[in-house]
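Just so you know, these numbers use all the heavy atoms, side chains as well, and skip hydrogens, waters and symmetry mates. Nothing here was measured: the structure is a model prediction, and the numbers come from that model.
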Amino acid sequence: MSKPVAYYPGCSLEGLAAEYDLSTRTVCNALGLQLAELEDWNCCGSTPASLYDPMLSATLAGRNLVLAQKAGLETIMTPCPGCLKALKGAIKVHAFGPEAFQKALGLPYAGRVRAISVLQLLYETVGPELLAQAVQRPLDGVSVVPYYGCLLTRPQDSAQFDDPENPVSMDLLLKALGCSVPDFPFKTECCGATSGMTRSDVVARLSGRLLDMAQSMGAEAIVVACPLCQQNLDLRQAQAEKALGRRFNLPVLYLTQVIGWALGLAEEDLGLDKLAVSPYKVLAARLKEQTSPSQDTFVA
């Protein structure tokens, strides 16, 4: 059992990305990773706060760092790259001006809490070798492409994890599950991010490029670690299909859902049924190859 980590789900994981929250808690528990959800955590302000006032964004995220400090926890983990960016921004603001930061925050903060993603937690605390040993339902032969998005490993001096231009941590975790993982050239390209409401045409075009490249490489699914990327590629896939004039029907799963499936965890604990594009056509096919008909519970 690892040391407890402060868990900051963020607002997205209480809404459209509830399956990311569910699968994160389930997988971490199964792997012996202790998550202690922060009591009374608050929104990080997301993109609007940082655009309006960087100090406002820093103080909103900073309050969550203080909560982790009060709980006696050294590390705060969030599955959302946007929340991670805000936490990292608060840490950076504190480092450059602790007095000004604490004055704006109105709370004492020692500056000793580090912030990481769920990908970093799984990669550094569990790692590909131990993960491979825990696999109960190997995904041998399943071709997936990992999509990190443009934020998860950037900027490099803030992320301090993996390569900002060619990250491989998710690739290695997926290979540990038995997946075939081609070298996806668009793994850090932007999907359109938060422009879904204001410039849906841009999001449709950018997301369509990603889906098109993944499909052209023979991928049966895309694996993500960001609720916004998942939404743009999965929930808005019909818009991308219309923009590019072709059909994709490509499942887009969270990394924690894929790991949970390979660990043999229950479907209802991974939220697979909440995805817009059903993943069952991929998972059920492999299940049929690996189990008897009486054990097959994933056939849609």
Side-chain angles (χ1 to χ4, degrees), residues 2 5-37 75-84 115-128 130-132 134-139 142 144-149 151-153 161-162 167 169-179 181 187 221-231 233-235 251-280 282-283 298:
S2 65
V5 171
Y7 180 46
Y8 174 53
C11 304
S12 294
L13 274 72
E14 289 199 336
L16 286 173
E19 66 272 29
Y20 196 13
D21 176 57
L22 179 62
S23 57
T24 294
R25 293 176 192 267
T26 300
V27 164
C28 286
N29 181 60
L31 292 172
L33 302 175
Q34 298 184 68
L35 302 184
E37 183 174 353
T75 301
I76 183 170
M77 183 277 283
T78 179
C80 174
C83 294
L84 181 65
I116 62 174
S117 65
V118 68
L119 171 60
Q120 186 172 357
L121 176 68
L122 292 168
Y123 185 76
E124 293 184 345
T125 308
V126 180
L130 289 179
L131 185 61
V135 169
Q136 298 295 316
R137 286 191 294 229
L139 288 162
V142 178
V144 301
V145 291
Y147 177 56
Y148 298 76
L151 194 59
L152 190 58
T153 59
F161 172 66
D162 215 330
S169 53
M170 199 184 331
D171 298 54
L172 296 175
L173 291 179
L174 292 171
K175 288 179 180 178
L177 306 178
C179 296
V181 186
K187 61 170 63 175
I222 297 177
V223 179
V224 300
C226 170
L228 189 57
C229 296
Q230 203 281 336
Q231 180 178 329
L233 294 173
D234 179 46
L235 189 61
V252 183
L253 297 97
Y254 288 106
L255 173 65
T256 44
Q257 290 180 309
V258 178
I259 291 177
W261 160 264
L263 294 181
L265 303 179
E267 173 191 4
E268 59 268 25
D269 294 333
L270 301 174
L272 292 170
D273 60 332
K274 297 183 182 299
L275 301 177
V277 179
S278 173
Y280 296 139
V282 175
L283 299 180
F298 277 78

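Residue Cys226 holds its SG atom at 12.5 Å from CG of Leu255, rounded to the nearest 0.5 Å. Between atom OG1 of residue Thr256 and atom OH of residue Tyr20 there is a gap of 5.5 Å, rounded to the nearest 0.5 Å. Note that OG1 of Thr26 and CD of Gln257 are 10.0 Å apart. Values are rounded to the nearest 0.5 Å. One distance of note links CZ of Phe161 with CG of Leu121; it measures 10.0 Å at 0.5 Å rounding. Annotation: the span from Leu16 atom CG to Lys274 atom NZ amounts to 11.0 Å, rounded to 0.5 Å. Separation of atoms CG (Leu31) and CG (Leu130) is listed at 9.5 Å; rounding is to 0.5 Å.
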- Go through the steps to decide whether Ile259 and Leu174 satisfy the test side-chain contact (heavy atoms from CB on, under 4.5 Å), and finish with yes or no. CA-CA 8 Å; Ile259 291 177; Leu174 292 171; 5.8 Å; no
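No side-chain heavy atom of Val181 sits less than 4.5 Å from a side-chain heavy atom of Val145. Contact check for Asp273 versus Tyr280: side-chain heavy atoms found under the 4.5 Å cut-off. Between Ser117 and Leu152 there is a side-chain heavy-atom pair separated by less than 4.5 Å. Proximity of Leu177 to Val258: side-chain heavy atoms (C-beta onward) are separated by under 4.5 Å at one or more points. Counting only heavy atoms from C-beta outward, the side chains of Tyr148 and Leu119 approach each other to under 4.5 Å. The closest side-chain heavy-atom distance from Tyr7 to Leu13 is below 4.5 Å. Contact annotation: the side chain of Met77 never approaches that of Leu33 to less than 4.5 Å [non-hydrogen atoms, C-beta and beyond]. Contact of the Val142 side chain with the Val282 side chain is registered, since non-hydrogen atoms from C-beta on lie closer than 4.5 Å.
For the residue pair Leu131 and Val126, the shortest heavy atom distance occurs at N-CG1, 3.9 Å. Considering all non-hydrogen atoms of both residues, Leu173 and Pro128 come closest at CD2-N, 4.0 Å. The nearest pair of heavy atoms linking Ala176 to Val135 is O-CG2, 3.8 Å. Pro279 and Leu253 make their closest contact through CB-CD2, 3.8 Å (heavy atoms, listed as atom of the first residue, atom of the second, distance). Between Pro146 and Lys187, the closest heavy-atom pair is O-CB, 3.6 Å. The shortest non-hydrogen separation linking Pro227 to Ala17 is CB-CB, 3.6 Å.
Between the side chain of Arg137 and the backbone N or O of Leu263, no donor-acceptor pair lies under 3.5 Å.
Residue pairs that meet the salt bridge (Lys or Arg N to Asp or Glu O under 4.0 Å) test with at least one member in residues 11-36, sequence neighbours left out, are Asp21-Arg25, Arg25-Glu37.
A side-chain contact (heavy atoms from CB on, under 4.5 Å) with Gln230 is found for one member of Val223, Leu275, Ile222 and no other, namely Leu275.
Using a 3.5 Å distance cut-off with no hydrogens or angles, the side chains of Thr153 and Asp162 do not pair a donor with an acceptor.
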